[in-house]
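Comments concern the structure below.
For this chain, numbers begin at 1 and follow the sequence in order.
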Amino acid sequence: MTAEQRQNLQAFRNYVRKTLDPTYILSYMGPWLQDEVVQFIQAEKNNKGPMEAASLFLQYLLQLQTEGWFRAFLDALYSAGYCGLYEAIESWDFQKLEKLEEHRLLLQRLQPEFKTRINPTDILPELSECLIGRKGKVVFFANQIPVYEQQATVFSRYFERLGYSVAGVSGARADNVSMQDIIENKDIIILTPQILVNSLNDGTIPSLSVFTLMIFDECHNTSKHHPYNQIMFRYLDHKLGGSPGPLPQVIGLTASVGVGDAKTVEEAMLHICKLCAALDTSVIATVRDNVEELEQFVYKPQKFFRKVESRTTNTFKSIISQLMKETEGLAKNVSEELGKLFQIQNREFGTQRYEQWIVAVHKACMVFQMPDKEKESSICRALFLYTSHLRKYNDALIISEHAQMKDALHYLKAFFHDVKNAAFDETEQDLTRRFEEKLEELEEVSKDPSNENPKLRDLYLILQEEYHLKLETKTILFVKTRALVDALKKWIEENPALSFLKPGILTGRGRTNQATGMTLPAQKCALEAFRASGDNNILIATSVADEGIDIAQCNLVILYEYVGNVIKMIQTRGRGRARDSKCFLLTSNADVIEKEKVNMFKEKIMNESISMLQTWDEMKFEKTVQRIQLDEKFIRDSQRKPQPAPDKENKRLLCGKCKAFACYTADIRVVEKSHYTVLGNAFKERFVSKPHPKPKIYDSFEKKAKIFCAIQKCCHDWGIHVKYKTFEIPVIKIESFVVEDIASGVQRRHAKWKDFHFERIQFDPAEMPI
Ligand SMILES: [Zn+2]
């Protein structure tokens with residue numbers, strides 16, 4: 001047997017030479033090779049390179065006479081992480097290795113091409129080289145739908161004329177296509193990553209071995225529980241766990257790898273090594289040889305910091321704060337016990353922190369219990385309303401801080417309009433009356449020109465100046481919230497002195513159950529209208545726009561009270577790629593400017609760290625990466641929680657707002673793994689439905705209506721009503737309910753179904769009435 005292995009190894013020695021750096025496995029071969037032989041091989045690597053070292057190693061290996069050397073060699077390969085080679089030699093099948101080799105060549109070809117800022121489109125020619133005449137399978141991941149759309153179009157256009165088939169699957173159409181079919185029949189597949197995570201989890205795709213190359217766009221996202229990392233967990237479990245089958249090559253694209261919380265170059269290097277380990281990277285390619293050429297293509301915009309003053313007197317704020325104090329007082333009087341929650345000191349109205357606090361109180365009130373159920377219901381409902389109103393007032397204060405008072409007032413008026421048109425019980429009537437008493441005064445204050453927001457004055461001056469210098473200026477204005485986008489658009493449109501501006505907006509798609517947010521076609525329209533010859537010359541955007549969307553060049557980027565981490569900073573700046581572009585940071589908060597300066601420092605240490613890492617020799621880098629991978633896998637495996645046993649006890653679901661009984665857990669059925677419906681006619685009596693503002697088809701459902709608590713004074717949002725196959729069924733969300741233990745009466749809230757461990761029964765059409 002040994003003789004045959006010896007012969008085979010001799011016959012396939014070229015594959016081994018091409019793939020193996022023997023210095024990685026020498027430490028595992030200790031008992032088999034003498035110390036001087038080990039040193040000899042190491043010297044050969046240093047002098048002549050890994051291939052010559054591999055030849056020498058094989059020469060010594062083939063001379064070994066002791067029984068068991070072959071097994072020891074295989075074990076060494078395996079331990080050092082050469083899983084592909086291990087497998088190939090064990091089965092004497094080198095075809096898979098050849099495939100991997102092709103991709104190794106691709107990366108070598110790609111490197112010198114990185115002359116400009118790397119865009120996914122820049123690698124198309126190299127990709128096609130890699131695919132020519134071979135059956136490779138490439139998967140390209142895009143995080144956000146607009147990026148996905150853009151790349152799907154570019155890839156189709158480029159590759160279909162070359163005879164390759166291209167397909168894209170995003171969340172929007174995932175249910176109408178068979179992933180299996182696409183994987184089998186297409187050469188290039190564009191995916192949003194969650195689709196692949198789902199297909200791997202439900203077994204539609206058994207392993208990543210079906211791909212030969214994976215490309216991650218915005219690869220710095222590969223951390224924590226991001227879908228990118230979940231895909232890479234699979235990859236690394238496969239690699240480190242020695243599963244059969246070759247692994248695809250991995251390429252990640254990013255404008256910035258980031259440094260996390262690092263404060264020193266050493267910490268930054270560790271952070272970057274961790275990202276490399278997550279992506280199984282062995283090379284960080286940056287522009288080094290062609291820096292000058294790069295700088296001709298990419299301009300670093302000039303950066304300006306503008307510290308602006310807030311209003312000195314603010315009558316609007318005092319009136320709203322007074323209303324908030326009153327509302328808090330009312331809430332305090334509802335229940336002695338819960339009143340304690342409102343006795344917090346030093347809270348400040350109109351801040352993010354107040355928002356967090358009021359959300360916490362809101363949740364605490366939902367599980368409040370009393371022996372008298374009637375009373376419990378009315379107390380919970382009242383507190384629900386007080387806390388909801390307090391949140392709206394807090395929102396309004398934030399809007400007035402950054403935009404005009406009348407925008408904030410408009411926001412509140414719209415809210416009270418909705419309140420009046422819904423249940424409108426005594427508590428709401430009382431709160432509305434209190435607001436309306438102040439309305440006239442608020443209107444007056446917000447119309448008073450002396451109350452103009454000084455921040456907007458500064459923004460006005462910058463815009464005036466820049467458009468005066470260059471009329472064809474194109475601006476992107478980043479703001480924090482969706483409400484501010486609307487407010488600033490209105491401000492521009494209503495300001496005659498800014499009539500040279502034609503504003504467009506770009507925001508995220510928002511939560512699917514709410515009427516706010518922009519649809520995908522609307523996003524595309526906005527981008528189209530902003531392009532060079534388009535209708536808009538200023539785009540007001542929330543953070544959605546700062547990743548990857550290829551907005552036509554703009555020469556002015558304004559960050560209005562907007563700050564992010566270093567990755568965001570580099571990408572936001574990347575929007576201003578035109579020559580002579582400028583970037584303004586406008587804020588009244590000294591901390592914001594401080595934070596941005598920290599970001600600039602982080603960018604500096606990030607670049608230094610990458611340069612340092614690039615001086616490491618390949619072996620040191622690869623060893624570091626592998627050590628991190630093994631450590632992280634160990635942590636991951638040891639943290640993997642066993643599924644908690646479901647609690648089979650029947651429980652009651654109560655409305656989260658008024659505590660009215662909704663249903664028993666025994667009546668709940670799971671539809672398509674992650675959706676929950678309730679059986680029985682009794683439940684139908686307990687909710688009312690209204691047509692859905694955004695009817696939409698998702699998964700296998702056709703969303704038709706929203707459902708609400710049927711108690712007249714409550715109307716709490718319970719979920720939706722859908723058409724599923726031939727059935728019309730309600731789909732409820734657990735966050736709208738409180739779960740009550742029947743025996744003990746203990747009440748609990750669950751934000752997500754997956755945190756609620758009850759006995760799940762699958763939906764069965766046979767149980768449905770005909
Ligand atoms: Zn209710």
Side-chain angles (χ1 to χ4, degrees), residues 310-334 342 347-352 354-355 357-359 361-362 381-457 479 481-495 514-516 657 712-715:
S310 288
R311 294 186 186 90
T312 40
T313 55
N314 192 336
T315 323
F316 186 88
K317 188 173 181 179
S318 359
I319 299 172
I320 299 292
S321 300
Q322 189 53 41
L323 280 168
M324 289 174 84
K325 268 183 216 146
E326 272 176 43
T327 312
E328 284 187 354
L330 291 168
K332 225 177 286 183
N333 291 337
V334 170
F342 290 88
R347 72 202 171 290
E348 211 181 313
F349 297 131
T351 59
Q352 216 73 49
Y354 188 88
E355 163 81 13
W357 170 75
I358 198 73
V359 169
V361 172
H362 183 84
R381 203 175 59 228
L383 285 169
F384 187 98
L385 293 172
Y386 291 134
T387 48
S388 313
H389 280 67
L390 282 167
R391 279 181 77 175
K392 289 289 167 182
Y393 280 135
N394 195 57
D395 285 349
L397 284 182
I398 295 177
I399 295 172
S400 81
E401 170 69 26
H402 300 315
Q404 303 177 96
M405 288 173 180
K406 64 175 186 182
D407 299 320
L409 188 56
H410 178 81
Y411 178 83
L412 287 175
K413 278 169 32 185
F415 167 68
F416 280 102
H417 176 84
D418 289 349
V419 168
K420 273 188 183 172
N421 286 324
F424 211 48
D425 73 357
E426 307 91 56
T427 311
E428 285 170 313
Q429 286 165 25
D430 178 41
L431 287 168
T432 308
R433 185 185 50 75
R434 287 165 190 272
F435 173 70
E436 282 174 347
E437 276 172 13
K438 301 281 178 197
L439 189 54
E440 202 178 323
E441 200 182 340
L442 286 167
E443 296 269 17
E444 243 165 67
V445 171
S446 60
K447 277 183 198 139
D448 184 348
S450 69
N451 282 327
E452 195 202 5
N453 192 334
K455 280 190 219 174
L456 288 177
R457 184 79 205 157
V479 297
T481 65
R482 166 75 220 219
L484 277 175
V485 169
D486 293 334
L488 286 176
K489 180 164 186 278
K490 262 181 71 192
W491 170 72
I492 290 175
E493 284 167 345
E494 288 169 3
N495 198 332
Q514 285 164 351
T516 54
K657 183 171 166 189
Q712 257 210 335
K713 289 173 178 171
C714 178
C715 282

Shortest non-hydrogen contact between N453 and S400, atoms and distance: ND2-O, 3.6 Å
Do K447 and K406 have side chains that get closer than 4.5 Å, going by heavy atoms? no
Donor-acceptor contact below 3.5 Å, side chain D448 vs main chain E444: no
Within this structure, what is the OG1-CG distance for the pair T387 and N394, rounded to the nearest 0.5 Å? 12.5 Å
Kindly check if the number of other-residue, nucleotide or ligand heavy atoms within 6.0 Å of CD (E440) is above 12? no
Donor-acceptor contact below 3.5 Å, side chain N451 vs main chain V445: yes
Using the test ring-ring contact (aromatic ring centres under 6.0 Å, His included), find all partners of F415 that sit at least two apart in sequence or belong to another chain. H389
Side-chain heavy-atom pair L397, S321 within 4.5 angstrom cut-off: yes
What are the two closest heavy atoms between T351 and E348, and how far apart are they? OG1-O, 2.8 Å
Qualifying salt bridge (charged side-chain N to carboxylate O under 4.0 Å, His left out) pairs, either residue in residues 381-404, two or more places apart: E355-R391, R381-D425, E401-K455
List for me each residue that meets side chain to side chain donor-acceptor pair (under 3.5 Å) alongside H410, sequence neighbours excluded, and say none if there are none. none
Side chains of Q404 and L409: does their closest heavy-atom pair fall under 4.5 Å? no
Kindly give the heavy-atom pair with the smallest separation between A403 and L484, and that separation in Å. CB-CD2, 4.0 Å
Under the criterion salt bridge (Lys or Arg N to Asp or Glu O under 4.0 Å), I'd like the reasoning laid out for K413 against E436: C-alpha separation, chi angles, the key distance, then a yes or no. CA-CA 9 Å; K413 278 169 32 185; E436 282 174 347; over 6 Å; no
If you measure from OG on S446 to CD on E452, what distance do you get to the nearest 0.5 Å? 13.5 Å
D486 bridged to K489 by N-O distance under 4.0 Å: no
Here the gap from Y386 atom OH to E428 atom CD, rounded to the nearest 0.5 Å, amounts to 10.5 Å
Before you tell me yes or no, could you show the steps for T427 and L330 under side chain to side chain contact (heavy atoms under 4.5 Å, CB included), namely the whole-Å CA-CA distance, both residues' side-chain angles and the distance that decides it to 0.1 Å? CA-CA 10 Å; T427 311; L330 291 168; over 6 Å; no
Between the main-chain N or O of L488 and the side-chain N or O of D407, is there a donor-acceptor pair closer than 3.5 Å? no
Sequence neighbours left out, what pairs pass ring-ring contact (aromatic ring centres under 6.0 Å, His included) with at least one residue falling in residues 419-450? F416-F435
According to salt bridge (charged side-chain N to carboxylate O under 4.0 Å, His left out), does anything in residues 311-326 pair up with another residue at least two apart or in another chain? List the pairs. E326-R434
Non-hydrogen side-chain atoms of M405 and I399 separated by less than 4.5 Å: no
Taking the side chain as everything from C-beta on, heavy atoms only, tell me whether N421 gets closer than 4.5 Å to H417. yes
Quick one: list whatever passes side chain to side chain donor-acceptor pair (under 3.5 Å) with Y354, sequence neighbours left out. E328
Min side-chain heavy-atom separation T327-Y393 under 4.5 Å: yes
Quick one: which of T313, I320, I319 gives a side-chain contact (heavy atoms from CB on, under 4.5 Å) with F316? I320
Measuring from atom CD of E437 to atom CG of L323, what distance do you get when rounded to the nearest 0.5 angstrom? 9.0 Å
